[in-house]
Undergrad: 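Shown below is the structure under consideration.
Below, all heavy atoms of this structure are taken into account, side chains as well, without hydrogens, waters or symmetry copies.
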Amino acid sequence: METVADFKEIVDEIKANGGDAFKLCFQCGLCDAVCPWNRVITFSMRKIVREATFGMTDIESEDIWRCTTCGSCPQQCPRDVKQIESGISLRRLATEYGIFPNAVKPLRTVSASLTGAGNPMGEERKTRADWANGLSVKPFTEEMDVLYFPGCYLSYDPRLKKVAVATASILKQAGVNFGILGTKENCCGESIRKTGDEELFKRLAKENIKTFIDNGVKKVLVSSPHCYHTFKNEYPEFMVNFEVVHIAQYVSALIDEGRLDLTKEYAKKVTYHDPCYLGRHNGIYDEPREALKKVPGLTLSEMPESRENSLCCGGGGGRIWMETPRGERFSDLRIEQAVDVGADELVTSCPYCITHFEESRLALEDNVSLEIKDITEIIAEVI
Ligand code: SF4
Ligand code: SF4
């Protein structure tokens with residue numbers, strides 16, 4: 001079997017996706033200095049860039065699948081080498097060749113589930129809105145102000161359904177006129193796109209866009225920074241523009257407008273983790289902190305790596321579906337940082353981060369206690 005794709009093919013593919021940006025690299029190595037992978041293994045984006053420039057990429061290597069698209073190296077790169085976009089084009093090539101290293105093989109099942117049921121877990125479409133049973137959450141209609149789009153993980157995952165429930169209770173308390181699409185909702189497609197499956201992304205995006213238009217949606221409220229990112233920055237590629245708001249922003253605004261009274265005491269020390277796709281990719285750092293600071297009794301402390309320098313949880317770029325062995329998980333390091341600042345709770349606003357942190361939390365010593373919370377779970381407790 002060929003281990004190296006044709007030189008021209010790789011170069012052409014990179015050119016077609018993200019331009020010729022790899023060529024701009026002058027091998028300074030700053031990307032490797034900031035990449036979280038180098039906390040746990042040896043990994044070099046600089047080397048990937050160099051090999052790709054000469055069409056020498058080994059598309060069988062797991063390395064082309066490692067990037068979590070965390071956004072740290074593009075933020076630091078002095079030559080604007082588009083590591084994420086160009087890196088995805090290498091995955092696209094591997095996908096076309098059908099080459100998936102062992103750790104990446106679960107992607108095949110994920111793609112099949114997304115194609116068949118509109119979610120990556122292989123859950124039935126008809127149960128998508130079951131999280132809202134008994135909550136009197138209405139189906140979205142054109143007259144409503146806001147479409148609440150919980151996304152796949154909050155719709156199906158038992159831990160994350162609690163976040164959808166907390167969100168619905170906040171929206172009701174604030175008197176927001178909102179509804180959900182229920183079984184008509186599809187995966188947003190953000191993460192499958194980052195694995196190189198452009199065709200499936202386009203199919204999911206087009207289905208969602210059609211559903212939004214058919215139902216008269218103008219404003220979409222999301223819980224996942226990945227939905228936020230793709231609705232706001234990628235769906236406009238299809239010549240549409242919906243107003244998109246992330247729940248961390250929305251909750252902060254509802255508090256500022258006096259629509260939510262935070263009345264109960266929450267005497268806990270919490271630290272906030274910036275999800276990559278809320279922070280670095282979209283610049284939303286202040287609103288979640290502002291909301292948390294207004295909770296009576298809550299003490300907010302910062303981990304050393306926060307805001308632009310936040311440590312990735314490891315779940316972006318489709319890595320949420322790939323296998324990362326113990327000892328290589330960034331989330332284990334993040335949990336340690338939260339414990340080190342004396343936090344009772346590690347708070348964030350992303351389903352992938354919560355999934356990874358909940359897993360990492362299980363490995364803590366018996367005498368160390370740390371709860372993982374979504375920001376909405378705290379707000380719902382104090383209103
Ligand atoms: S930071 Fe940019 S210029 Fe420097 S090695 Fe990495 S990709 Fe190349
Ligand atoms: S985007 Fe993040 S994970 Fe990907 S190579 Fe750059 S620093 Fe590493």
Undergrad: Where do Glu381 and Lys264 come nearest, in terms of heavy atoms and distance?
TA: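 Reported closest heavy-atom pair: O-CD, 3.5 Å.
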
Undergrad: If Ile, Leu, Val, Met, Phe, Trp and Tyr residues are connected whenever their side-chain heavy atoms lie under 4.5 Å apart, and connections chain through other members, are Val295 and Tyr285 in the same group?
TA: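 As far as the 4.5 Å side-chain criterion goes, Tyr285 and Val295 are not connected within one cluster.
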
Undergrad: Locate the shortest heavy-atom distance separating Thr211 from Lys184; write the atom from each residue and the value.
TA: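 For Thr211 versus Lys184, the nearest heavy atoms are CG2-O, 3.8 Å.
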
Undergrad: List the steps and the verdict of side chain to side chain donor-acceptor pair (under 3.5 Å) for Asn208 and Tyr235.
TA: CA-CA 10 Å; Asn208 277 326; Tyr235 278 27; 3.3 Å; yes

Undergrad: Would you say Asp332 and Ser360 are linked by a side-chain donor-acceptor pair, where the criterion is simply a distance under 3.5 Å?
TA: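 Looking only at side-chain atoms, Asp332 and Ser360 do form a donor-acceptor pair, the distance falling under 3.5 Å.
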
Undergrad: Name all residues meeting the ring-ring contact (aromatic ring centres under 6.0 Å, His included) criterion together with Trp321; count only those two or more places apart in sequence or in a different chain, and write none if there are none.
TA: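 Scan of Trp321 (ring-ring contact (aromatic ring centres under 6.0 Å, His included), adjacent residues dropped) gives none.
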
Undergrad: My understanding is that only one of Val110, Thr115, Thr95 makes a side-chain contact (heavy atoms from CB on, under 4.5 Å) with Leu200; could you say which?
TA: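 That would be Thr115; it is the only one of Val110, Thr115, Thr95 passing the side-chain contact (heavy atoms from CB on, under 4.5 Å) with Leu200.
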
Undergrad: Count the heavy atoms of every other residue, nucleotide or ligand shown that sit under 6.0 Å from NZ of Lys47, and state whether that count exceeds 12.
TA: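 No, NZ of Lys47 has 12 or fewer neighbouring heavy atoms, counting only those of other groups under 6.0 Å.
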
Undergrad: Could you tell me whether Arg50 atom CZ has more than 12 heavy atoms of other residues or ligands within 6.0 Å of it?
TA: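 Incorrect, the count does not exceed 12.
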
Undergrad: Test ring pair (Phe, Tyr, Trp, His ring centres under 6.0 Å) on Trp131 and Tyr156 and set out the steps.
TA: CA-CA 7 Å; Trp131 67 268; Tyr156 292 112; over 10 Å; no

Undergrad: Do other residues, nucleotides or ligands put more than 12 heavy atoms under 6.0 Å from Glu237 CD?
TA: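 Yes - once you tally the heavy atoms of other residues, nucleotides and ligands closer than 6.0 Å, there are more than 12.
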
Undergrad: How are the rings of Tyr277 and His281 set to each other: parallel, tilted or perpendicular (split at 30° and 60°)?
TA: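 Taking His281 first and then Tyr277, their aromatic rings lie parallel (interplane angle under 30°).
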
Undergrad: Under 3.5 Å, is there a donor-acceptor pair between the Tyr228 and Asn233 side chains?
TA: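 On atom types as modelled, these side chains do not qualify, holding no pair under 3.5 Å.
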
Undergrad: Using the side-chain contact (heavy atoms from CB on, under 4.5 Å) definition, which of the options Ser349, Cys312, Cys353, Cys350 pairs with His273?
TA: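 Going through the options one by one, the only one that passes is Cys353.
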
Undergrad: Quick one: does NZ or CZ of Arg79 land under 6.0 Å from the six-membered ring centre of Phe26, within 45 degrees of the ring axis?
TA: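 Judged by the rule (NZ or CZ under 6.0 Å from the ring centre, within 45° of its axis), Arg79 counts as positioned above Phe26.
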
Undergrad: Not counting sequence neighbours, which residues clear ring-ring contact (aromatic ring centres under 6.0 Å, His included) with Phe330? List them please.
TA: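 In terms of ring-ring contact (aromatic ring centres under 6.0 Å, His included), with neighbours along the sequence ignored, Phe330 is linked to Trp37.
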
Undergrad: Would you call Arg329-Glu359 a salt bridge at under 4.0 Å N-O?
TA: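 Yes, charged N to carboxylate O under 4.0 Å.
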
Undergrad: May I ask you to say whether Glu328 pairs ionically with Arg66, meaning some side-chain N is under 4.0 Å from a carboxylate O?
TA: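 Looking at Glu328 and Arg66, the cut-off is met.
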
Undergrad: Dump the intermediate steps for salt bridge (charged side-chain N to carboxylate O under 4.0 Å, His left out) on Arg193 and Glu198, then the final yes or no.
TA: CA-CA 5 Å; Arg193 183 180 218 187; Glu198 186 70 8; 2.8 Å; yes

Undergrad: Can you list the steps and then say if Lys82 with Asp80 is a salt bridge (charged side-chain N to carboxylate O under 4.0 Å, His left out)?
TA: CA-CA 6 Å; Lys82 300 202 177 315; Asp80 196 24; 3.2 Å; yes

Undergrad: May I ask you to decide whether Arg39 forms a salt bridge with Glu305, counting only side-chain N to carboxylate O separations under 4.0 Å?
TA: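 Counted as a salt bridge, because a side-chain N and a carboxylate O are separated by less than 4.0 Å.
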
Undergrad: With no hydrogens and no angle check, just 3.5 Å: does a side-chain donor-acceptor pair link Arg203 and Asn186?
TA: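 There is no such pair (donor and acceptor under 3.5 Å, judged by atom type) between the side chains of Arg203 and Asn186.
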
Undergrad: Taking atom types as modelled, is there a side-chain donor on Ser223 or Tyr148 under 3.5 Å from an acceptor on the other?
TA: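 Checked: Ser223/Tyr148 side chains pair up, N/O donor to acceptor below 3.5 Å.
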
Undergrad: Could you go through Gln83 and Cys67, starting from their C-alpha distance and side-chain angles, then the distance that decides it, and tell me whether this counts as side-chain contact (heavy atoms from CB on, under 4.5 Å)?
TA: CA-CA 9 Å; Gln83 294 94 335; Cys67 175; over 6 Å; no

Undergrad: Connecting only ILVMFWY residues whose side-chain heavy atoms lie within less than 4.5 Å of each other, what is the rest of Ile84's hydrophobic cluster?
TA: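 Besides Ile84, the hydrophobic cluster comprises Ile88, listed by chain and residue number.
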
Undergrad: Specify the closest pair of heavy atoms between Gly317 and Met322, including all atoms of both residues, with the distance to one decimal.
TA: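 Scanning both residues, the minimum pair turns out to be O-CE, 3.9 Å.
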
Undergrad: With side chain to side chain donor-acceptor pair (under 3.5 Å) as the criterion, how do Asp261 and Thr263 come out once you've worked through the C-alpha distance, each side chain's angles and the decisive distance to 0.1 Å?
TA: CA-CA 6 Å; Asp261 279 337; Thr263 52; over 6 Å; no

Undergrad: What is the minimum heavy-atom distance between Glu358 and Arg159, and which atoms define it?
TA: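 Closest pair (atom of Glu358, atom of Arg159, distance): OE2-NE, 2.7 Å.
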
Undergrad: Against His226, only a single residue in Tyr352, Phe149, Phe201 fulfils ring pair (Phe, Tyr, Trp, His ring centres under 6.0 Å); can you say which?
TA: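 The residue from Tyr352, Phe149, Phe201 that satisfies ring pair (Phe, Tyr, Trp, His ring centres under 6.0 Å) with His226 turns out to be Tyr352.
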
Undergrad: Can a donor-acceptor pair be found between the side chains of Arg334 and Ser310 at a distance below 3.5 Å?
TA: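 A pair is found: one side chain offers a donor N or O, the other an acceptor, under 3.5 Å apart.
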
Undergrad: Could you go through the salt bridge (charged side-chain N to carboxylate O under 4.0 Å, His left out) check for Lys373 and Glu371 one step at a time?
TA: CA-CA 6 Å; Lys373 287 274 171 81; Glu371 294 290 318; 5.5 Å; no

Undergrad: Is there a side-chain contact between Leu346 and Met303 (heavy atoms, below 4.5 Å)?
TA: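 With C-beta onward as the side chain, the pair touches.
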
Undergrad: Please determine whether the number of non-hydrogen atoms from other residues, nucleotides or ligands lying under 6.0 Å from atom NZ of Lys105 exceeds 12.
TA: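 Yes, because the 6.0 Å sphere around NZ of Lys105 holds more than 12 heavy atoms from other groups.
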
Undergrad: Would a 4.5 Å heavy-atom cut-off, applied to side chains only, mark Ile284 and Gln249 as touching?
TA: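 Touching, per the 4.5 Å side-chain cut-off.
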
Undergrad: Among the clusters formed by ILVMFWY side chains lying less than 4.5 Å apart, do Leu333 and Ile320 turn up in the same one?
TA: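 Linked, Leu333 and Ile320 end up in one cluster.
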
Undergrad: Rounded to the nearest 0.5 Å, what's the gap from CG on Asp274 to OG on Ser306? Could you check?
TA: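 The CG atom of Asp274 sits 6.0 Å away from the OG atom of Ser306.
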
Undergrad: Given side chains that start at C-beta, do those of Leu221 and Phe178 come closer than 4.5 Å, heavy atoms only?
TA: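 They are not in side-chain contact.
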
Undergrad: When you measure from the side chain of Asn215 to the backbone N and O of Val217, does any donor-acceptor pair fall under 3.5 Å?
TA: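 The answer is no, because no donor-acceptor pair under 3.5 Å joins these two groups.
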
Undergrad: Classify the side-chain pair Gln75/Glu308 by whether it contains a donor and acceptor separated by less than 3.5 Å.
TA: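 Judged by distance alone, the side chains do not pair up.
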
Undergrad: Any side-chain donor-acceptor pair under 3.5 Å between Tyr266 and Glu345?
TA: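 Tyr266 vs Glu345: donor-acceptor pair found between side chains.
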
